[in-house]
Amino acid sequence: MNLKTFAAESHPGPFLQTNEDAYDFDLVNELFMVFDGFGGAGIGDVAVTSLKENIKNFFTKFAADPDATMPFFFSPKYLIEGNALINALVYSHNQLFKENLKKEFSARAGASGVVIAKSESVVTLVSVGSCASFLYRKGKMNRLFIEDSFLYLSNDQYESHLKSMPLSGFGLFPDLYYQVREARVYPGDKIITMTDGVYSRLSLEEVQDALLHPKRDSKGKIEDLFKLSNQKGNLDNQSCMILEF
């Protein structure tokens, strides 16, 4: 199953000067990443840059070797690419956590993120923290993960944009807390991943309407989502990625 179109955008948003959000990709190795960093200017954005490079370097090394011994994690439930992806995230988390231990608490960094690896017709998605991911298939939008945030701890949708603070993340705790989803993709499927500066003020219906706009390409659809979220009061950084199969 080939990737038909791909688009991603990241923006500081209408208020902040520094963008701690980011995305990255490696089309050769079919690796896609969206991050929401935190810690402040010169802290969260620097951590996200390190995470991107560490994950890409580690993943490409192990995914290319089917006989590789996974140093942190292995499950026969997942493809070699899925196991390599989980190991890449754990390794990158450990590096950031060790760096944080050397710093005062106010100078420590963290990040939420969703990282996707594709192998033929199967995608493996790993979610850490409070980014959101959805799969659109045959007229239905399905949430791929329950974001690990205060929203689901409170079980209350009132002012949900105030409850998107992550309960886990890269660099925060000795262990990395993550969710894994492995799924086969089919023609017409669309996967959309967003940071909370996009999704926290939007309904599922609004996201779907933008995703299916017949006269906008993927970049335009992302711009529409950013604009709508800002119109509804967003002040945060914004990142979004759309994969269409």
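From Leu167, atom CG reaches atom CG of Asp148 across 5.0 Å, with rounding to the nearest 0.5 Å. Atom-to-atom distance recorded for Asn54:CG and Asn94:CG is 10.5 Å, nearest 0.5 angstrom. Here the CZ-CG distance, from Phe58 to Leu85, works out to 10.5 Å after rounding to the nearest 0.5 Å.
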*Take Val123 and Phe245, measure what side chain to side chain contact (heavy atoms under 4.5 Å, CB included) needs, and give me the verdict at the end.*
CA-CA 11 Å; Val123 293; Phe245 299 93; 4.2 Å; yes

*side chain to side chain contact (heavy atoms under 4.5 Å, CB included) evaluation trace for Asp236 with Leu16*: CA-CA 7 Å; Asp236 201 357; Leu16 300 173; 3.9 Å; yes

*Steps toward side chain to side chain contact (heavy atoms under 4.5 Å, CB included) verdict (Ile192, Cys240)*: CA-CA 7 Å; Ile192 180 168; Cys240 180; 3.8 Å; yes

*Would you please test Asp24 and Glu53 for side chain to side chain contact (heavy atoms under 4.5 Å, CB included) and show each step?*
CA-CA 9 Å; Asp24 206 344; Glu53 293 305 313; 4.2 Å; yes

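A donor-acceptor pair under 3.5 Å links the side-chain atoms of Asn87 to the main chain of Phe72, judged by distance alone. In terms of modelled atom types and a separation under 3.5 Å, the side chain of Glu147 and the main chain of Ser164 share no donor-acceptor contact. When atom types are taken as modelled, the side chain of Arg108 and the backbone of Lys103 share a donor-acceptor pair closer than 3.5 angstrom. Between the side chain of Asn19 and the main chain of Gln17, no donor-acceptor pair closer than 3.5 Å is present. Under the 3.5 Å distance criterion, the side-chain polar atoms of Ser229 are left unmatched by any main-chain donor or acceptor of Leu202. At distances below 3.5 Å, at least one donor-acceptor pair connects side-chain atoms of Ser112 with backbone N or O atoms of Ser130. Panel note: side chain Lys118, backbone Thr124; no donor-acceptor pair is recorded below 3.5 Å. For Asn83 (side chain) and Tyr78 (main-chain N/O), a donor-acceptor pair under 3.5 Å exists by modelled atom type. Judged by distance alone, with hydrogens and angles left aside, the side-chain atoms of Asn237 form a donor-acceptor pair with the main-chain N or O of Pro12 at under 3.5 Å.
At a cut-off of 3.5 Å, with distance as the only test, a side-chain donor of Ser121 or Arg184 sits close to an acceptor on the other residue. Using modelled atom types, one finds no donor on one side chain facing an acceptor on the other under 3.5 Å when comparing Thr60 with Asp26. A donor-acceptor pair shorter than 3.5 Å cannot be found between the side chains of Ser50 and Gln95. Side chains of Asp21 and Thr195: a donor-acceptor N/O pair is present below 3.5 angstrom, by distance only.
Each of Lys221, Lys219, Lys4, Arg137 was checked for a salt bridge (charged side-chain N to carboxylate O under 4.0 Å, His left out) with Glu244, and the lone residue meeting it is Lys221.
The side-chain heavy atoms of Leu96 and Asn100, taken from C-beta on, include a pair separated by under 4.5 Å. A heavy-atom distance below 4.5 Å is found between the side chains of Leu228 and Gln231. Using a 4.5 Å heavy-atom threshold, the side chains of Asn234 and Pro14 count as touching. When side chains are defined from C-beta on, Phe35 counts as touching Ile55, because their heavy atoms get closer than 4.5 Å. The shortest distance between side-chain heavy atoms of Val90 and Tyr178 falls below 4.5 Å. Between Ile191 and Leu125, some side-chain heavy-atom pair lies under the 4.5 Å cut-off. Taking the side chain as every heavy atom from C-beta outward, Leu31 and Val115 approach each other to under 4.5 Å. Side chains of Asp45 and Thr49 form no contact here, defined as non-hydrogen atoms less than 4.5 Å apart.
Both Ile86 and Val128 sit in one connected hydrophobic cluster of ILVMFWY residues. Membership requires side-chain heavy atoms under 4.5 Å apart, directly or through other members. Criterion: ILVMFWY side-chain heavy atoms under 4.5 Å apart, direct or through other members. Under it, Val114 and Leu225 are not part of a common hydrophobic cluster. Both Tyr199 and Tyr136 are members of a single hydrophobic cluster when ILVMFWY side chains are connected at heavy-atom separations under 4.5 Å. The hydrophobic clustering, which links ILVMFWY residues whose side-chain heavy atoms are closer than 4.5 Å, places Tyr91 and Met70 together. Under the 4.5 Å side-chain heavy-atom criterion for Ile, Leu, Val, Met, Phe, Trp and Tyr, Val126 and Phe62 are members of the same hydrophobic cluster.
The aromatic rings of Phe173 and Tyr177 lie perpendicular to each other, with more than 60° between the two planes, well past the 30° mark. Using cut-offs of 30° and 60° on the angle between ring planes, the pair Phe32 and Phe6 is tilted.
A salt bridge links Arg216 with Glu223: the distance from a Lys NZ or Arg NE/NH1/NH2 to an Asp or Glu carboxylate oxygen falls below 4.0 Å.
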